[in-house]
Amino acid sequence: MRTTRTAVALALALGLVASVATAQTQSGAPRQTPPPPQPAKDIRFPAFEQKTLGNGLRVVVVEQHETPAVSVQLLVHAGKAYGPPAKAGIAATTAALLREGTQTRSSQQIAEAIDSVGGFLSSGATADTATAMVSVTSDQIDLGLELLADVALRPTFPAEEIERWRRQTLSGLQVQQESAPYLANAAFERVVFGDHPYGLPETGTPESVQGITRDDLIAFHRERWVPNGAILAVVGDVQPADAFSKVERAFGSWAKGKEPGVPKLRTVTPEKPRVIVIDKPDAVQTEIRAGHVGMVYTDPDFFTSQIYNSILGVGGSARLFQEIRRKRGLSYGASSTFFRAYEPGFFRASTFTKTETTADALGVLLDVVRGLEEAPVPTDELESRKTFLTGAFPFEIETPQGIAGKVLEAMKYGLGREYLESYRDRLAAVTAPQIQDFAKRRVRLHQGLIVLVGNASAFREALEKKVGPVEVIPYKEVDLLRTDLRKAK
């Protein structure tokens, strides 16, 4: 009720301010000029101490006493990169089912225990790693660590929970198989990564989900959820010595396992673009993806790529959105992204458009990307994007959970405190010549992959005139477990 009243009061206040401003403008009163932006404040992380337990678990404690809260995040090398292709989705499934029962607690008991103290418990998996996280008030850190250790170290994967997960996942996948955006992203990743597990669908496919058994989950957990190579971050209202002692009690007996090691990604750069059309005759618009294998997280061009991507495809003022949406009205959205990991990830530019303007929209996308190669970025555009990124960074580390995430991200890739504290300065140091050079060296859509999902018969001829020969695959015949995307006959 208090929140609702506050929101109403705020809305009325804002409306009053707007009315006064309008009245002043209409009456000829001088309009007030907003103050200029203030210089960015220095970022200094709180106390940052590390220790490695006897079983190899790396523990980092970051003090932040602004609020009586603690976030504990555990990162292990158990992402989809470690799962067998036939069991696509096993990493995400293992992580999701950790909370559904342990040797000492049922799913309901776990939920009741964390809810009783107003806390939050979650788990999930990405390409390289999996995480389990708990947030509690600082006076409940013992319970938080106990629950986190219980679900991460001692899950039982109850059969009834597995079947419930299977029904829900298959239902979701059935919907996704009819979704053009999902097919475009999934097909792009499968082809760009070839036979590397990075290209497998994170939640699997109907075939792989049907094949995952309880024994598979137990085996994957036993092999991948191990302390050596894992990192645990404790951030918030804690004292380091006390935090290390509590972590030792909760995780010290965790037995070592197999050393982590992501499979190497083999890449081949084609001489010309490969164009794949997934034919969906009932589609009234076309999803477009264009890109190629990208860079590792620790690439020397990391900060340049951040600025480049912001200029190209992040937000409404980025070039892709301006050219495709605002100037030509070919789409409601356009963006770009770099996915980075231990092995090279991908660069991808994305948009969607009406079926009849498919070739035009793709052409504009390619022209915009090419434009960053041909001329330096104007100073005002460059400074605007750098200000946006450097200004956003402090908001990402306002909470214990945000700090823990950034610390784990840095440590995961072997980067330390200096990387975190110099982050904004290194973004601000990027120059226009560096961005142009990066565009020429590292972005190669003329040798990349283009994936389109839509009504192929309506745009194939125009598309071939613009980019050359295309491969057409009926969407009902797509198999995301296969590198050629085609179901076996």
Side-chain angles (χ1 to χ4, degrees), residues 79-81 83 85 88-89 91-92 124-128 169 172-209 265 273-280 283-295 309 312-314 318 320-321 324 331-341 343-353 355 358 361-362 365-366 369 443 445 448-456 470-486:
K80 68 176 179 178
T126 58
D128 292 321
T169 303
L173 288 172
Q174 185 176 8
V175 174
Q176 288 180 327
Q177 298 298 311
E178 298 293 326
S179 166
Y182 170 80
L183 288 173
N185 288 332
F188 175 88
E189 293 178 26
R190 192 66 184 112
V191 176
V192 82
F193 287 127
D195 60 359
H196 195 277
Y198 279 173
L200 294 171
E202 196 165 288
T203 54
T205 68
E207 293 78 11
S208 68
V209 167
L265 175 66
R274 181 182 180 187
V275 185
I276 298 174
V277 176
I278 296 179
D279 185 22
K280 201 168 186 298
V284 295
Q285 63 183 27
T286 306
E287 293 287 336
I288 301 172
R289 307 291 184 268
H292 48 71
V293 172
M295 55 205 302
N309 189 57
L312 177 66
V314 178
L320 284 174
F321 190 92
I324 295 176
S331 175
Y332 286 107
S335 63
S336 63
T337 186
F338 280 93
F339 161 69
R340 305 172 183 86
E343 288 296 298
F346 62 70
F347 162 72
R348 182 173 67 204
S350 307
T351 191
F352 58 92
T353 190
T355 299
T358 296
L362 176 59
L365 182 151
L366 297 175
V369 173
V443 181
L445 292 190
L449 169 68
I450 299 172
V451 173
L452 304 95
V453 180
N455 183 2
V470 304
E471 306 169 41
V472 178
I473 305 173
Y475 87 102
K476 290 290 188 181
E477 296 180 13
V478 171
D479 184 349
L480 295 171
L481 294 183
R482 294 174 58 90
T483 56
D484 63 2
L485 296 180
R486 298 176 182 271

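Model, not experiment: these values are computed from the prediction.
The CD1 atom of Ile450 sits 7.0 Å away from the CG atom of Leu445 when rounded to the nearest 0.5 Å. For the atom pair OG1 of Thr353 and CD of Glu287, the computed distance is 10.0 Å after rounding to the nearest 0.5 Å. Rounded to the nearest 0.5 angstrom, His196 NE2 and Thr483 OG1 are separated by 14.0 Å. For the atom pair OG1 (Thr205) and CG (Leu481), the distance works out to 3.5 Å, reported to the nearest 0.5 Å. The CG atom of Asp195 sits 9.5 Å away from atom CG of Leu200, with the distance rounded to the nearest 0.5 Å. Note that CZ of Arg289 is 14.0 Å distant from CD1 of Ile276, once rounded to the nearest 0.5 Å.
The heavy-atom pair separating Phe321 from Tyr332 by the smallest distance is CE1-O, 3.6 Å. Across every non-hydrogen atom of Ala88 and Pro201, the tightest pair is CB-O, 4.3 Å. Closest heavy-atom contact between Ala290 and Phe188: C-CE1, 4.0 Å. The minimum heavy-atom distance between Ala283 and Asn455, with the atom names listed, is O-CB, 3.9 Å. Across Thr355 and Thr286, no two heavy atoms sit closer than the pair CA-OG1, 3.9 Å. Smallest separation of non-hydrogen atoms from Pro344 and Gly294: CB-O, 3.9 Å.
Put simply, the side chain of Asp279 gets close to the backbone of Ala456: a donor and an acceptor are under 3.5 Å apart. A distance-only check finds no donor-acceptor pair linking the side chain of Ser335 to the backbone of Gly313 [under 3.5 Å]. Judged purely by atom type and a 3.5 angstrom limit, Tyr198 has no side-chain atom pairing as donor or acceptor with the backbone of Leu265.
Residue pairs meeting the salt bridge (Lys or Arg N to Asp or Glu O under 4.0 Å) criterion with at least one member in residues 179-192, sequence neighbours excluded, are Glu189-Arg348.
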Practice problem: I would like to know whether Leu485 and Leu480 meet side-chain contact (heavy atoms from CB on, under 4.5 Å); could you show each step before the answer? | Solution: CA-CA 6 Å; Leu485 296 180; Leu480 295 171; 4.0 Å; yes
Exercise. Determine, stepwise, if the pair Val451 / Val191 fulfils side-chain contact (heavy atoms from CB on, under 4.5 Å).
Key: CA-CA 9 Å; Val451 173; Val191 176; 5.6 Å; no
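In summary, Asp484 and Arg486 do not engage in a salt bridge, as defined by a charged side-chain N under 4.0 Å from a carboxylate O.
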When the side chains of residues 172-180 are checked against the rest of the protein, which donor-acceptor pairs come out under 3.5 Å, sequence neighbours left out?
from: Glu178; atom 1: OE1; to: Tyr475; atom 2: OH; distance (Å): 3.1
from: Glu178; atom 1: OE2; to: Lys476; atom 2: NZ; distance (Å): 3.2
from: Ser179; atom 1: OG; to: Tyr182; atom 2: N; distance (Å): 3.3

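The aromatic rings of Phe193 and Phe346 sit tilted, their planes meeting at an angle between 30° and 60°.
Leu320 places a side-chain heavy atom less than 4.5 Å from the side chain of Leu312.
Partners of Phe347 under the ring pair (Phe, Tyr, Trp, His ring centres under 6.0 Å) rule, at least two apart in sequence or in another chain, are His292, Phe338.
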